[in-house]
*Asks:* 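Provided herewith is a single structure, encoded as structure tokens, for subsequent inquiry.
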Amino acid sequence: MSDNKSVNVRLRRVGLAFGDHAVLRNIDLDIEPGEFFAFLGPSGSGKSTLLRLIAGFGPMPTGQVFIGEENVAQLPPWRRNVGMVFQNYALWPHMTVFRNVAFGLEERRLPASEVRERTDAALEVVGLRELADRRPSQLSGGQQQRVALARTIVIEPRVLLLDEPLSNLDANLRIHMRREIRELQRRLGITTIFVTHDQDEANTIADRMAVLNDGILQQVGSPMSLYDNPANRFVANFLGTANLLDGKVERDEAQATFRAGCGLQIPLQHDAKAASHATAMFRPHHVSIADPGQESRPDIVSFEGRVRHREFLGNLFRYAIDCGGQDILVDDGHQVGRRSYEIDDAVSVTLDPVQVRILSN
Ligand SMILES: Nc1ncnc2c1ncn2[C@@H]1O[C@H](COP(=O)(O)OP(=O)(O)OP(=O)(O)O)[C@@H](O)[C@H]1O
Ligand SMILES: [Mg+2]
């Protein structure tokens, strides 16, 4: 419905404080035209504040905010032509679906015929034309959600900003709606930023994402690149479960080796620098568990340990294996009839060093 050319969004050294409490610090970020981008981070990390700042709500930030070629940092929201769906979208209860969506256009005093045409088109996009005469109380949560979306896209924004738009929906509807939003975004080609604290939601919906913690941008990249190569302990832990072993990296001419405090030695495949303090990161499903006394293989790291703890998660058992006082988490896929281990069982644990990443902090 829109022939808007997609625009990019660039943040340069953006900072923001409430009083003397710095909420966002020195943020540099490039979001590509037409990209579906996610802000991911724990509660209070600054996601909504960053999104609102792009829309122009809240206190003035320091630094620059570019939408396309224009620095909008000092412009009011209505001069930016962005559409925002707030964390708690509120529809007008006394207005029909049609009026809720048309409202933004009527406010702009557009001719009635254009208002009708564009509102119909927006309702068509979200699949709600048949329900145009209902009131919000006569809609399901997912349908209300779509009204909130239609109300935003009807003004043909250059950038679509969505703040946890699915947080009020049940698990099944969330999955359904996130697919719909993704498809809609592809069709319209609008540069979109989606805020969530749910890793699965960000993974499934975003081309790329930025992980925030405590107002600081931790890392930017595709969901897979961040999961596989987290920049630090925070990102490693936030994107799924991670084993984080403390130790050091030693190297001679031929080979770098990670030596964990618990005595485990991992030959590193990549060109790691020597370091007196380093962290080895690998995921629980990278580790395998078996009966003790397995034949060792030169290309695989192995050690013998004891089960300290286990959890049954339905599709897998998650074991904690004691390695000289540190726990190593191991995920073992569960199937009917498959052997499982009890607490205090001796086991053999193996890890392919290809999966290991070295974090410097
Ligand atoms: N108007 C305000 N005045 C003072 N502090 C504020 C204000 N708005 C937000 N904050 C603080 O800024 C920080 C970031 O808040 P923000 O709403 O951006 O977090 P968030 O990442 O969106 O969290 P959530 O996932 O809970 O929505 C928090 O510490 C919050 O308490
Ligand atoms: Mg928020």
Side-chain angles (χ1 to χ4, degrees), residues 9-29 31 36-65 67 72-77 80 82-91 141 144-145 148-149 151-152 157 159-171 173-175 177-178 181 191-206 208-221 223 226 230-240:
V9 175
R10 286 176 296 148
L11 306 180
R12 291 291 177 269
R13 291 192 308 284
V14 165
L16 192 137
F18 289 108
D20 53 10
H21 175 45
V23 170
L24 294 170
R25 285 178 251 204
N26 210 18
I27 303 229
D28 279 312
L29 184 61
I31 297 170
F36 203 121
F37 198 91
F39 292 163
L40 180 65
S43 186
S45 57
K47 306 179 297 294
S48 293
T49 307
L50 188 56
L51 198 72
R52 292 167 64 92
L53 169 164
I54 295 169
F57 298 108
M60 289 280 176
T62 55
Q64 296 169 307
V65 178
I67 296 179
V72 299
Q74 308 302 320
L75 292 185
R80 299 187 183 198
V82 300
M84 177 140 174
V85 175
F86 287 91
Q87 200 160 353
N88 290 307
Y89 59 92
L91 304 177
Q144 291 180 33
Q145 188 72 66
L149 256 181
R151 185 172 63 173
T152 307
V159 181
L160 189 56
L161 305 173
L162 307 171
D163 194 352
E164 308 226 20
L166 309 182
S167 54
N168 297 335
L169 309 182
D170 71 52
L173 199 52
R174 282 172 82 124
I175 292 171
M177 279 301 295
R178 77 188 181 208
I181 289 178
T191 309
T192 298
I193 308 175
F194 183 100
V195 165
T196 179
H197 58 259
D198 180 333
Q199 181 211 346
D200 289 343
E201 207 161 272
N203 280 344
T204 49
I205 210 166
R208 288 191 310 146
M209 60 200 197
V211 177
L212 272 167
N213 186 35
D214 212 6
I216 297 171
L217 209 58
Q218 304 290 315
Q219 197 175 3
V220 177
L226 266 53
N232 56 41
R233 298 176 78 104
F234 178 83
V235 176
N237 270 323
F238 196 71
L239 303 181

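Counting starts at 1 for both ligands and their atoms, in listed order. Only heavy atoms go into these numbers, but all of them, side chains included; no hydrogens, no water, no symmetry mates.
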*Asks:* Between atom CG of L161 and atom CZ of F57, what is the distance when rounded to the nearest 0.5 Å?
*Replies:* 9.0 Å

*Asks:* With a 4.5 Å heavy-atom cut-off, do T62 and L16 have their side chains touching?
*Replies:* no

*Asks:* Given side chains that start at C-beta, do those of L162 and F86 come closer than 4.5 Å, heavy atoms only?
*Replies:* no

*Asks:* Distance check below 2.8 Å: does S43 bring an N, O or S atom to the Mg ion (ligand 2)?
*Replies:* no

*Asks:* Within the structure provided, determine whether L226 and M209 are in side-chain contact (heavy-atom separation under 4.5 Å).
*Replies:* yes

*Asks:* Taking C-beta and beyond as the side chain, do L40 and F238 meet within less than 4.5 Å on heavy atoms?
*Replies:* yes

*Asks:* Should one rank G46, G58, G44 by closest heavy-atom distance to atom 23 (O) of ligand 1, which comes out on top?
*Replies:* G44

*Asks:* Short list, please: which atoms of ligand 1 are under 4.0 Å from a heavy atom of S48?
*Replies:* 17 (O), 18 (O), 20 (P), 22 (O), 27 (O)

*Asks:* For the residue pair P61 and L24, establish whether any side-chain heavy-atom pair is separated by less than 4.5 Å.
*Replies:* no

*Asks:* Stepwise, does the side-chain contact (heavy atoms from CB on, under 4.5 Å) test hold for L160 with T152?
*Replies:* CA-CA 8 Å; L160 189 56; T152 307; 3.5 Å; yes

*Asks:* Enumerate the atoms of ligand 1 whose separation from the nearest heavy atom of E164 is less than 4.0 angstrom.
*Replies:* 25 (O)

*Asks:* Does G215 have a non-hydrogen atom less than 4.0 Å from ligand 1?
*Replies:* no

*Asks:* Do me a favour and list the nearest non-hydrogen protein atom to atom 13 (C) of ligand 1 with residue, atom name and distance?
*Replies:* V23 CG1, 3.6 Å

*Asks:* Walk me through it: do D198 and R174 pass the test side-chain contact (heavy atoms from CB on, under 4.5 Å)?
*Replies:* CA-CA 11 Å; D198 180 333; R174 282 172 82 124; 3.5 Å; yes

*Asks:* So which heavy atom in the protein is nearest atom 5 (N) of ligand 1, and how far is it from that ligand atom?
*Replies:* F18 CD1, 3.3 Å

*Asks:* For atom 27 (O) of ligand 1, what's the nearest protein heavy atom and its distance?
*Replies:* Q87 NE2, 3.1 Å

*Asks:* What I want to find out is whether D163 reaches R52 closely enough, with some N-O distance under 4.0 Å, to be called a salt bridge.
*Replies:* no

*Asks:* Can you report which non-hydrogen protein atom sits closest to atom 25 (O) of ligand 1, along with the distance?
*Replies:* K47 NZ, 2.8 Å

*Asks:* List the closest protein heavy-atom neighbour of atom 16 (P) of ligand 1: residue, atom name, distance to the nearest 0.1 Å.
*Replies:* T49 OG1, 3.4 Å

*Asks:* Can you name the atoms of ligand 1, numbered from 1 with element, that are less than 4.0 Å from a heavy atom of P42?
*Replies:* 21 (O)

*Asks:* Nearest non-hydrogen contact with atom 26 (O) of ligand 1 belongs to which option: S43, S45, A22?
*Replies:* S43

*Asks:* Return a yes/no value: protein heavy atom under 4.0 Å from atom 1 (N) of ligand 1?
*Replies:* yes

